[in-house]
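Here is the structure we will look at.
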Amino acid sequence: MFFMVWLAGESALLPSRIQMAFTLAAHVLIVPLGVALPALTLLMEGIGLARKDPVAIKIARRWSVVMAVQFAVGAVTGTILSFEFGILWPRLMGRFGAALGLGFAIEGIAFFLEAIFIGIYLYGWTRLRPRTHFLLGLALPPTGVLGAVSVLSANSFMNTPGGVTVDAGRVVDVNVMAALFTRALGYEFWHFIIAIYMTTGFVVASVYAVAWLRGRRDRYQQLAFAVPFTLAAALTPVQLLVGDLSARALVQDQPAKFAAIEITWTTRDHNPEVIGGLLDDAGQIHLGISIPALDSLLVGYTPSAVVPGLTSFPAGDRPSVVEANISHLAFDVMVGLGTAGALLAAWYFWILLRRRRLPESVWFYRVAALAGVGCYVAVESGWVTTEVGRQPWIVYGLLRVADAVTTAPASFVWTMLATLVVVYAAIACFFVILLLGLAARWRREDRLHPEAPEEGVPYGPRPETWARS
Amino acid sequence: MSSLLPDVIALTLLLAITAYSTAGGVDFGAGIWDLQAGNSPRGREARALIDHAMAPVWEVNNVWLVLSIVLCWTAFPSLFQAVFASLYPLFTLALLGLVLRGAFFAFRHIADDPRAHRTADLVFGLSSLITPFFFAATLGAIASGHVGTTGPSGSVVEASFNPMSIAFGCVSVAATAFSGASFLVGDARRYGAVNLVDYFRRRVAVAALVLVVVGTMALAVIRIEAPDTFRSMLAGPGLPFALVTMVLTPAVAVLVWRRAYSWYRVLTVGAIGSLVLAWGFGQSPYLLPGRLTIGQAIAPPATQAVLLVIAVVLVAVVVPAMGLLYYLDQRGALESPEA
C-alpha cells in the first residue's frame, strides 16, 4: 500500500535532469584517463623498451594499474548511464534508437575489446615477452578512440541530428552514414580527443609535480613528469585553435546555443564579447567585462558581422535565461583555463628549448600541480556548455527533454537519485583510498624492494601464492 | 534474405542475453556462495577461493549486459521504450544491486578493518543474490504479458511484481547458484584445494536439485499465467531447449558427484544457456507476447544492416580476443607454482 502511494506523484522532469547531470558529470571525470592513459602508458613502455630503461618500464607498469582502476570505475558509471537512457528517458531511444543507438552499438564493441585487452595488458607484464606485451597493448589506444568517437557520434546526433526520415513521430528510414557522421561530429571529435589527451597528460604530470615539490628529484620523477607534461603542453595551443573553430561552427549549426554562450539578447552586428557577466530577463547584462565588437570580429573577422541573439528564437525553443547564463559562464571558465594552460605550456617550452633542461622554479611546479585539477574543471565546463546550451531540446529541433522524460513519478526518481548520490560517494571514497594506497605502497616499495604492482586490483592477475586465511 | 535479417538480429540479442546469463551467472553464483559461506574457518577458505577465482575477468562479463542494452534500443527501439516504461522499478533494483556488487567487491580488497571487511562481504553477497533475481524478473514480466506496446497494460507495480516475474527471479537465483558452484569446483581443483572440491561438489548437487524443483514450480506458474508461452515452451520452438536444460542439470550433478571431472562445465553452460533460450524461443515470434512481434518492432533496414555487421565483428574479432584472454588466464594459472 505504501509502495503504491510512493509510486504516485508529479512529473519526474526535474529530478531526472538532476540525476542525468549528476551521473554524467561523474562519468566525464573518469573518461579522460580511461581513454587516454593507455596511450601514455604505452608511450612510456615504448621508451623503456627502446632505451632498455627499467625506470620507464616501472613507471608504465604502475600507470597500467591506475588505468585498470579507472576503467573499472568507468565501466560502472557507464553501465549506470546506459540504464538511465531507459529508466529516465525511455522515449528518447523509443523514438530515435534506430539512429542514435548506432553509435552506442559500435561503442559496445569497442568497450568489449578494451575490457579484454586491458585484462591481457595488465595480466601480461610478467608472463608475456616484453615485445609481445607491448604489441598487444597497442590495441588499446585505437579501441579507446573508437569508443570515444562512437559516443561522440551519438552526442553529435543530439546536437545536429541528420540522416533520419521521421513520419508521425516514428523513424521510418535511416541513412546510416548521415546519422553517424552529423555536422557536429567533426569538431566535437577533435575538441574532445585533444581534451582528454591534454587532461590525462596534465593530470598525470601534476602527481609528479607534487612529488617534485616534496623534494623528489630522481630520474623516476623527471621521466614521469616530463613525458606526460610535454604531450599535454604541445596539445594545448592546438586545442585553443580547435576550440575556436568549434565555437565558430555553432553560429551555423546551433545558433541558439551560440547566442546563449555569448549571452547575446538580440541579433546584431558590432556585438561585444562579454567576459563574465550575467543576463537578466529583460536582456540587460550585469557585471562582466564587455569588449566592443569583439564577438562580431571573432565570428566574421569584421566588426559588422551579424551574430545571432536569443530573441531570434521563440521563447519555448531556446535556452532560458538561467540556462544561457550557466552555459556562458561555463564557456568562459573553459576558455580561461585553456588560455592559462597555453601560458603554462609556453613557459615550459621556453625553459626546455632555451636552457635544454626541465624547469626548476618552485612556482612552475606549483602551477603544474594545479593544471590537473584545472583540466578536470575545463572538461566539465565544456560539457556543461554544450549540454545546457542545447536546452530545451534533447534532440535539437526534433524532441524536447520534457517530451522524452519517463512517466515514473517524481518521488521514484528522487529516491533513485538520493541512492545514487550515496553510492557514488562510496565509489569515490574507494577510488581515492585505493589510489592513495597504491601511491603509498609504491613509495614504500621504492625504498625497499621491487614487486609486481598490479596485484590485488580489478583485472589484475591472481597472486602467485594464494593465501588461505 | 531481407525477411530473415530481423530474426537474425533478434537471435543476436537473445544470444547476448544468454551470454550474460551464463558468464555473468557464474559470477553472481559465486557471490551467492560467498554469502552462504559464513565466517567459519571453512567458510573463510571458500570465500578466499571465490575472491581468487573472480578477480581477473569480472568486468568482461559485465560487457555482455551493456551490449544487450544497446542492441535492444538500436534494433528494437519500441520494445526498449515499452519494457523500460513498464518495468523501471525492476531495472532500478537490478542496477542498484549491480553497482553495489562491483563497488563492494573492490572495497573488500582494500578494507583493512575486519568489521568493514565483514560488511563489504555481506553487501557483496546480498547484491549477488538480488541482481540476477531482478534481471530475470524483467524477462518473467515480459513473458507474463503485462508489458504493453507503450507502457504497462495495467499499473507499473502489477507489471513488475507478479507471479511470473517472481517465478523467473527464483529460477535465476537457483540457476546462478548452480552454475557458480559448478565452476567453483573447477577453480578449487585448479588451485589444488582438495577439501574445497568436496565442499562445492555437495553444493552443486543441492543447487541442481533446487533448480529442478524451482524450475518445475515456475513451469506451473507459467502454465497458469501465460498459457500460450507455456504451450510454445513445451510443444513449440522452445521445447528442445527446455528438454536440454531438464536433462543437463541433473547430468552435471551426477558427473560432479561421481567425480567425473570432464565436460561438466560445458554442460553447465549448456543447461543455463538453454534455460534462457527456452524463454526466448518460447516467446518467438513475439517480443511482447500477443502484442509486438520481431517484424513489427525492428528498426529500418539500414540500421539492420549495420547491426548485422556488428554481429559479424562480434563473432570475428571479439570472440577470438576473448578466447585469447581466457587462454592467457588459464596458461598463467597453470604456470603458477601451486598448480
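First the proteins, then the strands, lettered A, B, ... as listed; each starts at 1. All values derive from a computational prediction rather than experimental measurement.
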Contact class of [X] relative to chain A, heavy atoms under 4.5 angstrom:
X	value
B:Leu65	side chain
B:Leu87	neither
B:Phe80	side chain
B:Leu71	neither
B:Ile310	both

Original post:
Quick one: CG on B:Leu307 to CD1 on A:Ile106, what's the gap to the nearest 0.5 Å?
Top reply: 9.5 Å
Subject >> Contact class of A:Val423 relative to chain B, heavy atoms under 4.5 angstrom >> reply: side chain
Original post:
For A:Leu102, is it the side chain, the backbone, both or neither that has a heavy atom under 4.5 Å from a heavy atom of chain B?
Top reply: both
Heavy-atom closest pair, residues [X] and [Y]:
X	Y	result
A:Pro409	B:Tyr88	CD-OH, 3.2 Å
A:Ala98	B:Pro77	N-CG, 3.6 Å
B:Thr74	A:Ala105	OG1-CB, 4.2 Å

**OP:** Quick one: sort the B:Trp64 and A:Phe112 rings into parallel, tilted or perpendicular, breaks at 30° and 60°.
**Re:** perpendicular
Side chains of residues 89-96 of chain A: which donor-acceptor partners sit under 3.5 Å, not counting sequence neighbours?
| residue | atom | partner | partner atom | Å |
| --- | --- | --- | --- | --- |
| A:Arg91 | NE | A:Asp403 | O | 3.3 |
| A:Arg91 | NE | A:Val405 | O | 3.4 |
| A:Arg91 | NH2 | A:Val405 | O | 2.6 |
| A:Arg95 | NE | A:Gly169 | O | 3.0 |

Subject >> Among the listed options A:Gly78, A:Ala426, A:Gly86, A:Gly437, the residue most often paired with chain B at heavy-atom distances under 4.5 Å >> reply: A:Gly86
Subject >> Residue among A:Ser82, A:Ala99, A:Ala179, A:Gly108 with most heavy-atom pairs under 4.5 Å to chain B >> reply: A:Ser82
Original post:
Excluding sequence neighbours, so at least two apart, what forms side-chain hydrogen bond (donor to acceptor under 3.5 Å, both in side chains) with A:Asn155?
Top reply: A:Asn159, A:Glu387
**OP:** Name the member of B:Val66, B:Leu67, B:Thr92 that forms the most heavy-atom pairs with chain A at distances under 4.5 Å.
**Re:** B:Thr92
**OP:** Determine the sole option in A:Thr419, A:Thr79, A:Leu420, A:Ile427 for which the side chain to side chain contact (heavy atoms under 4.5 Å, CB included) test with B:Val99 is passed.
**Re:** A:Ile427
Original post:
With a 4.5 Å limit on heavy-atom distance, are the side chains of A:Phe85 and B:Phe84 in contact?
Top reply: no
